[in-house]
Amino acid sequence: MLALEMLGRRAHNDHPNNFSRSPPYTEDVKWLLSLAAKLGVNYVHQFCVGAAKGVLSPFVLQEIIMEALQRLNPAHIHNHLRTPAFHQLVQRCQQSYMQYIHHRLIHLTPADYDDFVNAIRSARSAFCLTPLGAMQFNDILQNLKRGKQTKELWQRVSLEMATYSP
């Protein structure tokens, strides 16, 4: 858990890797999750709190959420999501996606559209984990629609949202 805390301190100074799909620490964090799962539910919850503080990549946070839920009893996913530890982790993941989307929009070029649309699809899955998440995600889409981006980008995003279900 101290390693996660140190990761958070280091990651805040390592801006280029903050939004990476697979930052250098990904496998170490997953290994730590597997260790916590072997030790029991309380350790997984403790891990989730630490990951919410230390991991900045929305993609890694989402992987952690899904893997942690699978390692616990998958039949009780909704109960786990209501625990404070998972709630904090999901909130952090959603917040990271919002930051990622905002950051990418500032530097987005037409060559990046496909990757951006894939990130929006991933974000949708993360936002669907909470009851209010769907509304938050729709707000993000509305901001995209009203934004300064090109019509082509909005068409790609809206087509993806119409054909993809989480």
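Considering CH2 of W154 and CG of L159, their distance stands at 11.0 Å, rounded to 0.5 Å. To the nearest 0.5 Å, the span separating CG on D112 from CG on N118 amounts to 12.0 Å. Atom CZ in F127 sits 9.5 Å away from atom CG in D139 (nearest 0.5 Å). For the atom pair NZ of K145 and CD1 of I140, the computed distance is 16.0 Å after rounding to the nearest 0.5 Å. Expressed to the nearest 0.5 Å, how far CD of Q136 lies from CE of M98 amounts to 5.5 Å. Rounded to the nearest 0.5 angstrom, I101 CD1 and L144 CG are separated by 6.5 Å.
Nearest heavy-atom pair across A68 and L33 is N-CD2, 3.8 Å. Taking every heavy atom of both residues into account, Q62 and S125 meet most closely at NE2-CB, 3.3 Å. Minimum heavy-atom separation, F116 to L105: CZ-CD2, 3.6 Å. For the pair A119 and F59, the tightest heavy-atom approach, listed with the atom from each and the gap, is CB-CZ, 4.0 Å. Contact between I65 and C93 at its shortest, heavy atoms only, is CD1-CB, 3.8 Å.
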Inset, instruction - Applying side chain to side chain contact (heavy atoms under 4.5 Å, CB included), run through Q91 and T130 and close with a yes or a no. - result: CA-CA 9 Å; Q91 291 295 109; T130 60; 4.3 Å; yes

Inset, instruction - Check the pair R156 / D114 against side chain to side chain contact (heavy atoms under 4.5 Å, CB included), numbers first and verdict last. - result: CA-CA 8 Å; R156 287 189 187 190; D114 288 337; 2.8 Å; yes

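Contact annotation: the side chain of L129 never approaches that of L89 to less than 4.5 Å [non-hydrogen atoms, C-beta and beyond]. Residues Q70 and M66 are not in side-chain contact: their nearest non-hydrogen atoms beyond the backbone lie 4.5 Å or more apart. Between F86 and L69, some side-chain heavy-atom pair lies under the 4.5 Å cut-off. At a threshold of 4.5 Å between non-hydrogen side-chain atoms, the residues N79 and R82 count as touching. Looking only at side-chain heavy atoms (C-beta outward), Y97 and F137 stay at 4.5 Å or farther from each other. Within the 4.5 Å cutoff, the side chain of L72 has heavy atoms near those of the V41 side chain. A heavy-atom distance below 4.5 Å is not found between the side chains of P84 and Q88. Residues V157 and Y113 form no side-chain contact, since every pair of their non-hydrogen atoms from C-beta on lies 4.5 Å or further apart.
When the salt bridge (Lys or Arg N to Asp or Glu O under 4.0 Å) test is applied to D115, the partners found at least two apart in sequence or on another chain are R21, R104. Evaluation of the side chain to side chain contact (heavy atoms under 4.5 Å, CB included) rule for S34 yields W31, R71 as partners, not counting sequence neighbours.
Among the candidates N138, I120, V117, the single residue satisfying the side chain to side chain contact (heavy atoms under 4.5 Å, CB included) test with M161 is I120.
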Considering only distance and modelled atom types, tabulate donor-acceptor pairs under 3.5 Å from the side chains of residues 42-50, sequence neighbours left out.
none

